[in-house]
Amino acid sequence: MSTAKNININLKIWRQKNANDKGGIVDYKLDNVSTASSFLEMLDQLNEQLINNKQEPVAFDHDCREGICGMCSLYINGRAHGPETGTTTCQLHMRKFKDGDTIYIEPFRSKAFPVVKDLVVDRSSFDRIQQAGGFVSVNTSGNTIDANATPVPKDDADKAFMAAACIGCGACVATCKNGSAMLFVGAKVSQYALLPQGKVEAAQRVQNMVRQMDEEGFGNCTNTGACEIECPKGISLENIARMNREFLKASL
Amino acid sequence: MAKSALLKSSIAKKYWMALTGLFLCLFLAGHLAGNLQLLVPNNALNFNQYALFMTTNPAVKVLSYLTYISILFHAIDGFLLTYQNAKARPIGYAKSNPSANSSFSSRNMALLGTIVLVFIVTHMVNFWAKMHFDKNMPLMTQSIEGQPGMKQDFYVGTQAGQYYPVEQVEIGTHTDEHNHAPKQFKLVKKTELYHAQANVKVADLYKDLYKITLAFFRDAKYGLYFTIGYVLAMFALGFHLWHGFQSAFQSLGLNSPKYTPIIKFIGKAFAVIVPLLFAIIPLYIHFTK
């Protein structure tokens, strides 16, 4: 028994030809959108309509469409990944919207996330933060030790796993009034700092990752807590506190 | 690297913000305890003695210099953070729904802090500067039992309702013929009044901060506005503390499922009770004249 129906919506979408274009909001009307479709499927439908009308389709990021890859983004009606909590945009469905709704769709905004085109932003600043220290150095010369051979307390393992759930989508940065990346970096620092394998390089890791974060132009955290609410993976503010502790320990 | 990171890094700024903020919370509690003495009727002597202690005791002096530094650092760091954070998002959103994920207080710390800073400056001009630098500060005289002509409390000059500056008593420029401070008294160490001929201490003098405070909030023309301004500033302080108190603990890395709910509760209680008690005092003074 399907409760799906079709709705007509108004869209206000950020269009920007390229990184140097000024860009602006453009209005679209889209009819007969099934409430069973996902938000990205709705955008696919819009793009079909645009292509049929010989117009440039809207560029947006997407990959797995299963809520685990962290590729999709979008600031929908003033919220990162839209109105539903604990989901990525690909897992947001049109049943969350009503017939006649006006929906704003904007790219994630941050100095460190420059717009490439339309709704696509360059999040490689996150990659550079990871490269600065978000790893464990392992000697792979044939004597690699099985990871499970090292005992890890269950509580630590759980916390590390919860931190590692971060998919690096950038919703924390997008929603933060300060454009701070501390939830992301806090999660990445924590997932290693909690494990014996990661403790070895803990001090230089936190210093290098925080320095890279600052260099990329992210803002300073003021503990509004918006990131934790909007994070599709429920990464806790405890990770930022842990990063702060790790940073102080490493700096003293 | 470690040393420069402790000053420049985004996390170091959080630490300094938190430490100075928490110290200022302690200051607020101490200041409030002193102010509450104003709620006791006719408490001039106790209050002025307390004010003298707070401006002369060496330990309190150290704390007060720490407070000045904390206020300056907290404010400068705050303005710097606000400026840098504004730069972190050069292009804003056309539509934003911040109330869905954060509190009013947390998003307006800079605005609330600026209001509190402006209040602190005016407050210091009105009271602190007078206490420290005003040569015309009225003096309260606490007479010593048994000395001639000094049976009751009065202000220097011995004529009811008239005040005389410390310096004028000291150098004795005002004489009886001008109907001013009697020449037979001399001031020692700025706080003790001696009978000039007998060379006996006849009274202790206190800068009358009590009188200044009451007169300020009971001013016929502006007293009501001063009272309203004070109460509004306390609202800003309350909202600032609502986020700031618990935020400081998070910044210091103190976040755990066990203690954070308790810290948040204490923070909110502090944010309501402290500004409320502060605000009651000028309201009481103004409306009981």
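Keep in mind it's a predicted model, so treat the numbers as computed, not measured. In what follows, chains are A, B, ... by sequence order, proteins preceding strands, each numbered from 1.
- Rounded to the nearest 0.5 angstrom, His240(B) NE2 and Leu237(B) CG are separated by 8.0 Å.
- With a threshold of 4.5 angstrom between heavy atoms, Leu237(A) approaches chain B through its backbone and through its side chain.
- Neither the backbone nor the side chain of Cys227(A) comes within less than 4.5 Å of any heavy atom of chain B.
- Looking at Ser105(B) and His243(B), their side chains never bring a donor and an acceptor atom within 3.5 Å of each other.
- Interatomic distance, CD of Glu215(A) versus CG of Asn208(A), reported as 10.0 Å (0.5 Å rounding).
- Classification of Asp118(A) and Arg15(A) as a salt-bridged pair holds, one side-chain N sitting under 4.0 Å from a carboxylate O.
- With a 4.5 Å cut-off on non-hydrogen atoms, Ile240(A) touches chain B through its backbone and its side chain both.
- Heavy atoms closer than 4.5 Å to chain B are found in the side chain of Asp214(A), but not in its backbone.
- Residues of residues 86-101 of chain B lying under 4.5 angstrom from chain A, judged on non-hydrogen atoms, are Lys87(B), Ala88(B), Arg89(B), Pro90(B), Ile91(B), Gly92(B), Tyr93(B), Ala94(B), Lys95(B), Ser96(B), Asn97(B), Ala100(B), Asn101(B) by number.
- Judged purely by distance below 3.5 Å, without hydrogens or angles, the side chains of Ser103(B) and Arg107(B) never pair a donor atom with an acceptor atom.
- Neither the backbone nor the side chain of Ala203(A) comes within contact range of chain B; no heavy atom of the residue lies under 4.5 Å from a heavy atom of that chain.
- In this model, no donor atom of one side chain and acceptor atom of the other lie less than 3.5 Å apart for Gln246(B) and Lys268(B).
- Looking at Phe218(A), the atoms closer than 4.5 Å to chain B (heavy atoms on both sides) all sit in the backbone: N, CA, C or O.
- In the model, Thr88(A) has no side-chain atom that pairs as donor or acceptor with a side-chain atom of His81(A) under 3.5 Å.
- Interface check for chain A: of the options Ser102(B), Ser256(B), Gly244(B), the most heavy-atom pairs under 4.5 Å are formed by Ser102(B).
- When the candidates Arg109(A), Arg245(A), Glu106(A) are compared by the number of heavy-atom contacts under 4.5 Å with chain B, Arg109(A) comes out ahead.
- Both the backbone and the side chain of Ser251(B) come within contact range of chain A, each with at least one heavy atom under 4.5 Å from a heavy atom of that chain.
- When heavy atoms are compared at a cutoff of 4.5 Å, Glu230(A) approaches chain B solely by way of its side chain, counted from C-beta outward.
- Checked against the 6.0 Å centroid criterion, the rings of Tyr65(B) and Tyr68(B) qualify as a close aromatic pair.
- Of the N and O atoms on the side chains of Asn255(B) and Thr260(B), at least one donor lies less than 3.5 Å from an acceptor on the other residue.
- Taking the six-membered ring where tryptophan is involved, the planes of Phe27(B) and His31(B) are perpendicular, since the angle between them exceeds 60° and thus also 30°.
- Across Ile229(A), Thr222(A), Thr224(A), the residue that shares the most heavy-atom pairs under 4.5 angstrom with chain B is Thr224(A).
- For a residue to count as touching a neighbouring chain, one of its non-hydrogen atoms must lie under 4.5 Å from one of that chain's; by this rule Pro107(A) touches chain B with the backbone only.
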Please evaluate residues Phe135(A) and Tyr192(A) with respect to the criterion ring-ring contact (aromatic ring centres under 6.0 Å, His included), reporting the C-alpha separation (whole Å), side-chain torsions for both, the decisive distance (0.1 Å), and the verdict.
CA-CA 8 Å; Phe135(A) 51 80; Tyr192(A) 296 111; 7.8 Å; no
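- Residues Asn178(A) and Asn220(A) have side chains that never bring a donor and an acceptor to within less than 3.5 angstrom of each other.
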